[in-house]
Asks: 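Got a structure for you, written out below as structure tokens; questions coming shortly.
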Amino acid sequence: MTQRAKRAEGLRQSDIRRMSVECARVDGVNLGQGICDLPLHPAVLAGTAAAIEAGHNAYSPLEGAIELRQAIAKKCESFNRFRCDPEREVVVTVGATGAFANVCLSYLDPGDEVILFEPYYGYHLNTLKLIGGEPRFVTLHGREFDINFDELAAAFGERTKMIVVNTPGNPSGKVFTREELLQIGELCRRHDVLLVTDEIYEYIVYPGAEHVSPASIDELRECTLTMSGFSKTFSITGWRLGYVAGPAELVEPLGLVNDLFYVCAPTPLQHGIAYALEQVEPSYYESLARDYLGKRDFFAAVLQEIGFDPWVPDGAYYMLADFRALSFKDDLEAAKTLLEKAHVATVPGSAFYRGAPGDRVLRFCYAKPMEDLEKAAQSLRRAFGGR
Ligand code: GLN
């Protein structure tokens, strides 16, 4: 009776969350989990407070409040450069994580294969596995995270159902180019495979890179489900608001599954974000990326100073850093030592890789107030040398 279902047997807390727990224990600076505890744009607060006051406190339709779906469709057209019908082609979800769960539940049968690029985001891997999907890994090479297209083509087979493209990527920060997306899309079309994108970091892209939504490429529109959300754009990771957009026939089951598992995403928050999407000025998004650029460069320099070799990302707000010049046995020991000696939490590289180079890298998240990054820098210097 107390025997767990097979699918739940191997489940354990993610390393990302485990490090947050350990960080709280030493009252450290948490550069592990992408918590993103930054001040909110006033329109986010005002819109949500007004929504609660106005009585938007009951269930929304299963596919989300129409006001938010309309705002999402507008944003997809102006920012992501693809059109979607807010009535039939958008579903509001409980975060981008809820979006992916809906996609997996709607499209995967046990044994179906899903191609993931490595380094991968553990929640993609473990969600698809929970549902019985089989991961097929395609490793990105070098510090530029290059795709070997022969290896990618070889990963497509009879049982391939979907490929996940996370751009900008977590933890790599890789921003997929139009050419790469076209080639990935060509394979998807040839093998009748769903292209599932996770674009949650879409506004956090640094000079030299450009965010391209696969759905904006004409040839890919029909096979693409675009997932994103508002956690990172508005620094509201705890609100759990995301969405999926795509062709009506692909989106249709997602709302039904969403209803069964969540009924709907929190209604007043949906209205708050609908308001914010209308109100927030374009310069907000630019200053978001500029702010993270400053933090990226500051922290890359700190890591270099103390002997790490950071892989400076093109997008998102994580940095993998190689610690081979320091004397740690492996990534777990490195993460433990940083936490104990400097009270700085990171995520061990093995959370994102099956083997090497995960065992010689740590992931640092710099989505923190500057004071926290400075505090972390000081204690890292104190513990490991440097200026
Ligand atoms: N996406 C964030 C990260 O990678 C948070 C993940 C989580 O806590 N589920 O750190």
Side-chain angles (χ1 to χ4, degrees), residues 11-25 28-38 93-104 116-130 140 145 164-175 196-205 227-244 261-262 265 288 292 295-296 299 311 313-321 331 335 338-339 344-353 358 361-369 372-373 376:
L11 284 185
R12 60 178 180 86
Q13 178 169 247
S14 70
D15 277 339
I16 295 174
R17 277 198 177 278
R18 180 176 63 76
M19 289 305 293
S20 286
V21 173
E22 292 189 21
C23 185
R25 190 171 45 77
V29 182
N30 193 350
L31 307 185
Q33 190 176 20
I35 293 176
C36 203
D37 45 352
L38 300 169
T93 56
V94 178
T97 304
F100 190 60
N102 281 345
V103 169
C104 289
L116 286 186
F117 289 104
E118 182 185 46
Y120 45 79
Y121 175 48
Y123 282 65
H124 290 150
L125 173 63
N126 291 316
T127 303
L128 74 89
K129 277 168 63 180
L130 187 69
L140 298 168
F145 300 101
V164 179
V165 171
N166 178 204
T167 183
N170 173 7
S172 66
K174 178 181 172 68
V175 178
V196 177
T197 76
D198 181 344
E199 302 177 36
I200 189 81
Y201 302 98
E202 59 198 354
Y203 286 103
I204 307 170
V205 173
M227 308 188 300
S228 191
F230 304 102
S231 291
K232 324 292 178 176
T233 306
F234 293 123
S235 305
I236 47 167
T237 54
W239 286 28
R240 315 308 307 133
L241 269 190
Y243 65 86
V244 189
F261 280 80
Y262 311 105
L288 182 79
Y292 279 126
K295 289 176 177 172
R296 179 196 75 170
F299 215 75
W311 301 350
D314 287 334
Y317 50 49
Y318 306 101
M319 196 150 25
L320 292 172
D331 60 317
L338 260 68
L339 189 68
V344 170
T346 58
V347 181
S350 52
F352 311 102
Y353 285 95
V361 297
L362 292 178
R363 189 192 79 169
F364 293 81
C365 170
Y366 49 89
K368 300 294 290 178
D372 291 12
L373 294 179

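Remember, it's 1-based here, ligands and their atoms both numbered in the order they're listed. For this chain, numbers begin at 1 and follow the sequence in order.
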Asks: Between Tyr201 and ligand 1, which part of the residue brings a heavy atom under 4.0 Å of the ligand: side chain, backbone, both or neither?
Replies: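 The part of Tyr201 near ligand 1 is the side chain, not the backbone.
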Asks: Using side-chain hydrogen bond (donor to acceptor under 3.5 Å, both in side chains) as the criterion, point out the one residue from Asp331, Asp15, Asn170 that pairs with Arg363.
Replies: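 Checked Asp331, Asp15, Asn170 against Arg363; only one passes side-chain hydrogen bond (donor to acceptor under 3.5 Å, both in side chains): Asn170.
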Asks: Please write down residue, atom name and distance for the protein heavy atom closest to atom 8 (O) of ligand 1.
Replies: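 The answer is Gln33 NE2, 2.5 Å.
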Asks: Please work out whether the ring planes of Tyr317 and Tyr366 are parallel, tilted or perpendicular, with thresholds of 30° and 60°.
Replies: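 Ring orientation of Tyr317 relative to Tyr366: perpendicular.
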Asks: In terms of residue, atom name and distance, what is the protein heavy atom nearest to atom 2 (C) of ligand 1?
Replies: Tyr318 OH, 3.4 Å
Asks: Where the side chain of Asn102 meets the backbone of Cys104, is there a donor-acceptor pair that is under 3.5 Å apart?
Replies: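 Absent.
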Asks: Any chance the side chains of Thr167 and Glu199 put a donor and an acceptor closer than 3.5 Å?
Replies: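 The criterion, which ignores hydrogens and geometry beyond distance, is not satisfied for Glu199 and Thr167.
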Asks: Using a heavy-atom cut-off of under 4.0 Å, does the side chain or the backbone of Thr237 touch ligand 1, or both, or neither?
Replies: neither
Asks: Rounded to the nearest 0.5 Å, what separation is found between the OG1 atom of Thr233 and the CG atom of Leu241?
Replies: 11.5 Å
Asks: Find all atoms of ligand 1 within a distance of less than 4.0 Å from any non-hydrogen atom belonging to Arg363, and give their numbers and elements.
Replies: 3 (C), 4 (O), 10 (O)
Asks: What distance do Leu140 atom CG and Tyr120 atom OH have between them, rounded to the nearest 0.5 Å?
Replies: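 If I round to the nearest 0.5 Å, the distance is 12.5 Å.
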Asks: At a 4.0 Å threshold, what atoms of ligand 1 neighbour a non-hydrogen atom of Asn170?
Replies: 1 (N), 3 (C), 4 (O)
Asks: So which protein heavy atom does atom 6 (C) of ligand 1 come closest to, and at what separation?
Replies: Tyr121 OH, 3.2 Å
Asks: What are the atoms of ligand 1, with element, lying closer than 4.0 Å to any heavy atom of Lys232?
Replies: 1 (N), 2 (C)
Asks: Considering only heavy atoms, does Met19 approach ligand 1 within less than 4.0 Å through its side chain, its backbone, both, or neither?
Replies: neither
Asks: Show which atoms of ligand 1 fall inside a sub-4.0 Å distance from at least one heavy-atom site of Gly34.
Replies: 2 (C), 3 (C), 10 (O)
Asks: Considering both backbone and side-chain atoms of Arg17, is one of its nitrogen or oxygen atoms within less than 3.5 Å of a nitrogen or oxygen in ligand 1?
Replies: no
Asks: Between atom CG of Asn126 and atom OG of Ser14, what is the distance when rounded to the nearest 0.5 Å?
Replies: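 Taking CG in Asn126 and OG in Ser14, the distance rounds to 8.5 Å.
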Asks: Quick one: pull up CD1 in Ile236 and CG in Leu38 and give me the separation to the nearest 0.5 Å.
Replies: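 Going from the CD1 atom of Ile236 to the CG atom of Leu38 covers 12.5 Å.
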